[in-house]
Amino acid sequence: MNAKEIFENWQQVQNMPDYLKEQLTTLGQDAKWVEDAFGQEINFGTAGMRGRLEPGTNRINLFTIERVTEGLARLIDENGADAQKRGVVISFDSRYHSREFAEIAARVLGAHGIHVYLFDDLRPTPELSFAVRYLHTFAGINITASHNAKQYNGYKVYGADGAQMGPENAARVFAHAQQVQNMFTIKAAPVTQLRAQGLLQLIGEDLDEAYLAELKTVNVNSQIIKENADKLTIIYSPLHGTGKMIYDRAFRQGGFTNVIPVSSQSIIDPEFPTTKKPNPEYRDVFDPGVALANEKNADLIIATDPDADRMGACVRTENGDFQVLTGNQIATLMAYYLLTNLKDSGQLTGDYELIASIVSSQMPLKIAQSFGIKTKSVLTGFKFIGEEVDRMNKERDGKFLMGFEESYGYLFKPFARDKDAMQGALMFAEVASYYASRGMTVLDGLKEIWQKYGTSYEITRAIEMPGIGGQKKMATLMSKLRSAHLTQINSVSVVKMQDFLLQEETVNGQTKPMTDLPKSNVLKYFLADETWLALRPSGTEPVIKAYVGVNKSDVAAAEQAAEDYQAALAELLK
């Protein structure tokens with residue numbers, strides 16, 4: 001059937017909620033919207049699915065949630081009675097319909113006789129990752145659209161290791177979902193029936209206490225915190241989301257008692273009214289925090305995105321203004337502090353390992369190597385960091401120092417296997433305590449690192465390609481660049497190109513295999529002036545991510561060079 005026919009079928013559905021019927025009537029008057037909403041299936045990959053909260057097969061709604069959950073249920077059924085008994089743990093964030101989607105997912109699984117643990121209220125994504133491991137479930141489901149705008153929601157599936165489900169099982173979930181003949185007649189058992197059968201178990205404070213106990217292990221130097229935390233006033237914002245559920249106890253048990261919440265952003269609100277987009281990489285989300293910081297004479301603001309897996313920070317500059325740090329800068333500060341602390345305490349050994357994604361800053365790796373420890377670059381996605389942690393544990397050939405992604409994701413203790421903003425917030429507060437012990441600000445510390453290792457500066461841009469033709473356009477552009485074999489970017493020579501899809505590396509015109517990482521649709525260029533650039537279509541959003549990293553003599557030169565290279569990438573993608 002074509003998009004119009006599928007749309008007309010949806011118009012005949014009797015059990016459709018009123019809000020979806022109203023949207024269908026209103027939005028359905030636009031033929032372009034009908035084509036986009038019904039012309040394809042919503043993409044489901046290893047990062048799950050994410051989309052606008054609207055009716056349609058290419059949208060997030062009650063029926064697409066039911067269908068993909070039916071796919072997961074069939075995968076679990078394939079794995080037998082033990083998998084059904086181990087079951088699934090489900091969490092959700094503060095977005096519109098998140099609680100509703102979590103409950104319907106539980107009911108679909110329960111109809112298959114699969115045991116479900118359902119959080120009694122919204123919880124951070126990393127706590128869901130922890131819960132999968134703690135409860136030894138077969139899988140986990142998280143209803144969230146992370147840092148996206150209010151019009152979006154999403155669905156993430158986690159494997160038994162607590163990381164987002166791997167490609168093979170994710171593909172099977174999607175294949176099973178596509179086999180559903182009628183997405184409007186999927187069986188969902190009543191909640192009362194599942195409770196009576198013991199198939200649906202609510203969880204909450206019991207998991208909070210277990211997760212908080214693990215968070216106690218994140219900080220590494222209690223003496224520095226004890227002696228210097230009271231010098232800090234930390235402003236904290238959960239950006240209207242799940243960080244509110246756990247932050248106060250997490251900070252207090254870590255020794256950080258002078259933490260003041262941004263009241264306007266501590267209201268659980270799916271409208272995210274104080275932001276255009278609740279993403280801690282954007283300056284505007286910190287505006288209420290800056291006002292409070294000036295009132296309370298604070299130098300540090302920490303914000304976590306609505307599902308509390310990403311952590312950002314805004315710090316006071318020497319002229320009294322505030323500067324938002326990039327995820328790479330935060331990771332640089334953390335890596336340097338951790339290694340300095342290990343060295344000063346006589347605990348530094350060469351078998352420690354720092355893990356970063358291939359599109360993250362090279363600076364933390366450069367620092368790690370200067371301290372004599374190992375580094376590992378992995379594909380984007382925290383599941384790949386988790387896989388490397390598992391490999392180290394299995395082969396007993398390394399100790400995990402930290403893992404990070406440039407997109408404000410950090411992990412220090414692998415009791416969770418996804419990026420953890422609570423861990424990040426605690427570690428960043430300790431970093432601030434360390435510099436306070438030396439009479440320095442966090443920004444002073446970053447400048448000190450730059451003086452020692454060179455000024456590293458990175459910019460990430462998301463180049464949007466929306467609509468039903470967006471995926472096709474992205475594929476065409478990446479294919480074109482793949483065949484172009486660029487020799488120069490911005491008049492600077494390309495000395496090396498890595499193609500992670502073809503698994504090839506080209507150096508000075510000579511191509512050789514590159515098979516140490518799985519296939520991924522990423523192109524990365526290394527230039528003669530120590531600049532690196534990368535292009536990666538997003539797996540969950542209609543955007544191509546463009547990454548630039550430069551190393552210059554000073555901040556101004558680095559910022560300008562990074563902007564110039566971003567402009568060059570934008571031209572290539574026209």
Enquirer: Quick check against the 3.5 Å criterion: does Lys343 have a side-chain atom that pairs as donor or acceptor with the backbone of Phe371?
Expert: no

Enquirer: For side chain to side chain donor-acceptor pair (under 3.5 Å), just list the numbers for Tyr453 and Ser370, CA-CA rounded to whole Å, side-chain angles, deciding distance to a tenth of an Å, and then say yes or no.
Expert: CA-CA 9 Å; Tyr453 294 98; Ser370 77; 2.8 Å; yes

Enquirer: For Lys226, is the NZ atom crowded, meaning more than 12 foreign heavy atoms sit under 6.0 Å from it?
Expert: no

Enquirer: If the plane angle is over 60° it's perpendicular, under 30° parallel, otherwise tilted; pick one for Tyr434 and Tyr337.
Expert: tilted

Enquirer: Rounded at 0.5 Å granularity, tell me how far NZ in Lys545 sits from CG in Leu569.
Expert: 14.5 Å

Enquirer: Among Pro306, Pro238, Ser237, which residue satisfies the side-chain contact (heavy atoms from CB on, under 4.5 Å) criterion with Lys244?
Expert: Pro238

Enquirer: Can you tell me how far CG of Asn551 sits from CD of Glu458, rounded to the nearest 0.5 angstrom?
Expert: 8.5 Å

Enquirer: I'd like to know if the side chain of Ser129 reaches the main chain of Arg417, judged simply by a donor and an acceptor atom lying under 3.5 Å from each other, with no hydrogens or angles considered.
Expert: yes

Enquirer: In this structure, are over 12 heavy atoms from other groups packed under 6.0 Å from Tyr134 atom OH?
Expert: no

Enquirer: Using side chain to side chain donor-acceptor pair (under 3.5 Å), reason through Tyr547 and Asn328 one step at a time and then give a plain yes or no.
Expert: CA-CA 12 Å; Tyr547 306 85; Asn328 286 315; over 6 Å; no

Enquirer: CD of Gln498 to OH of Tyr525: how many Å apart, nearest 0.5 Å?
Expert: 11.5 Å

Enquirer: What are the two closest non-hydrogen atoms of Ser361 and Phe404, and how far apart are they?
Expert: O-CZ, 3.9 Å

Enquirer: Salt-bridged, Lys383 to Asp161, with N to O below 4.0 Å?
Expert: no

Enquirer: Taking the side chain from Asp418 and the backbone from Gln164, do they hold a donor-acceptor pair closer than 3.5 Å?
Expert: no

Enquirer: Heavy atoms only: give me the nearest Leu365-Thr375 pair and the separation to one decimal.
Expert: O-CG2, 3.8 Å

Enquirer: Quick one: does Ser98's side chain have a donor or acceptor within less than 3.5 Å of a partner on Ser94's backbone?
Expert: no

Enquirer: For the CD atom on Glu227, are there more than 12 heavy atoms of other groups (residues, nucleotides or ligands in this structure) within a distance under 6.0 Å?
Expert: yes

Enquirer: Which one of Phe256, Phe428, Tyr247 satisfies the ring-ring contact (aromatic ring centres under 6.0 Å, His included) criterion with Tyr236?
Expert: Tyr247

Enquirer: Given Asp120 and Arg123, is the salt bridge (charged side-chain N to carboxylate O under 4.0 Å, His left out) satisfied, shown in steps?
Expert: CA-CA 9 Å; Asp120 61 354; Arg123 288 299 192 285; 3.3 Å; yes

Enquirer: Carefully, step by step, assess Asp397 and Arg391 under the rule salt bridge (charged side-chain N to carboxylate O under 4.0 Å, His left out).
Expert: CA-CA 9 Å; Asp397 68 345; Arg391 187 205 61 76; 2.8 Å; yes

Enquirer: Shortest non-hydrogen contact from Met311 to Thr304?
Expert: CG-CG2, 4.3 Å

Enquirer: Keeping the roles fixed (side chain from Asp206, backbone from Gly204), state whether a donor-acceptor pair exists under 3.5 Å.
Expert: yes

Enquirer: What heavy-atom pair brings Gln566 and Ile459 nearest, and what distance separates the two atoms?
Expert: NE2-O, 2.9 Å

Enquirer: Please check this pair: side chain of Asp554 against backbone of Ala557, looking for a donor-acceptor N/O pair closer than 3.5 Å.
Expert: yes

Enquirer: Show the nearest heavy-atom pair for residues Gly254 and Ile225, with the distance to one decimal.
Expert: O-CG2, 3.5 Å

Enquirer: Hey, does the side chain of Asp444 reach the backbone of Thr441 with a donor-acceptor pair shorter than 3.5 angstrom?
Expert: yes

Enquirer: Is a side-chain donor or acceptor of Gln265 paired with a backbone partner of Val285 at a separation under 3.5 angstrom?
Expert: yes

Enquirer: Provide the closest heavy-atom pair for Phe101 versus Ile60 in the form atom of the first, atom of the second, distance.
Expert: CE1-CG2, 3.7 Å

Enquirer: Evaluate whether atom NZ of Lys231 has more than 12 neighbouring non-hydrogen atoms of other residues, nucleotides or ligands under 6.0 angstrom away.
Expert: yes

Enquirer: If I take atom CD from residue Glu127 and atom CG from residue Leu215, how far apart are they, to the nearest 0.5 angstrom?
Expert: 8.5 Å

Enquirer: Could you tell me whether the side chain of Asp307 and the main chain of Thr125 form a donor-acceptor pair under 3.5 Å?
Expert: no

Enquirer: Is Glu530 atom CD crowded by more than 12 heavy atoms from other residues, nucleotides or ligands, each under 6.0 Å away?
Expert: no

Enquirer: Within a 6.0 Å radius of atom CD on Glu205, are there more than 12 heavy atoms belonging to other residues, nucleotides or ligands?
Expert: yes

Enquirer: Look up atom CD in Gln151 and atom CD in Glu271, then write down how far apart they are to the nearest 0.5 Å.
Expert: 8.5 Å

Enquirer: For the pair His240 and Phe272, name the ring-plane relationship: parallel under 30°, tilted 30 to 60°, perpendicular over 60°.
Expert: tilted

Enquirer: Return yes if some donor-acceptor pair links the side-chain N/O of Gln423 with the main-chain N/O of Lys413 below 3.5 Å, else return no.
Expert: yes

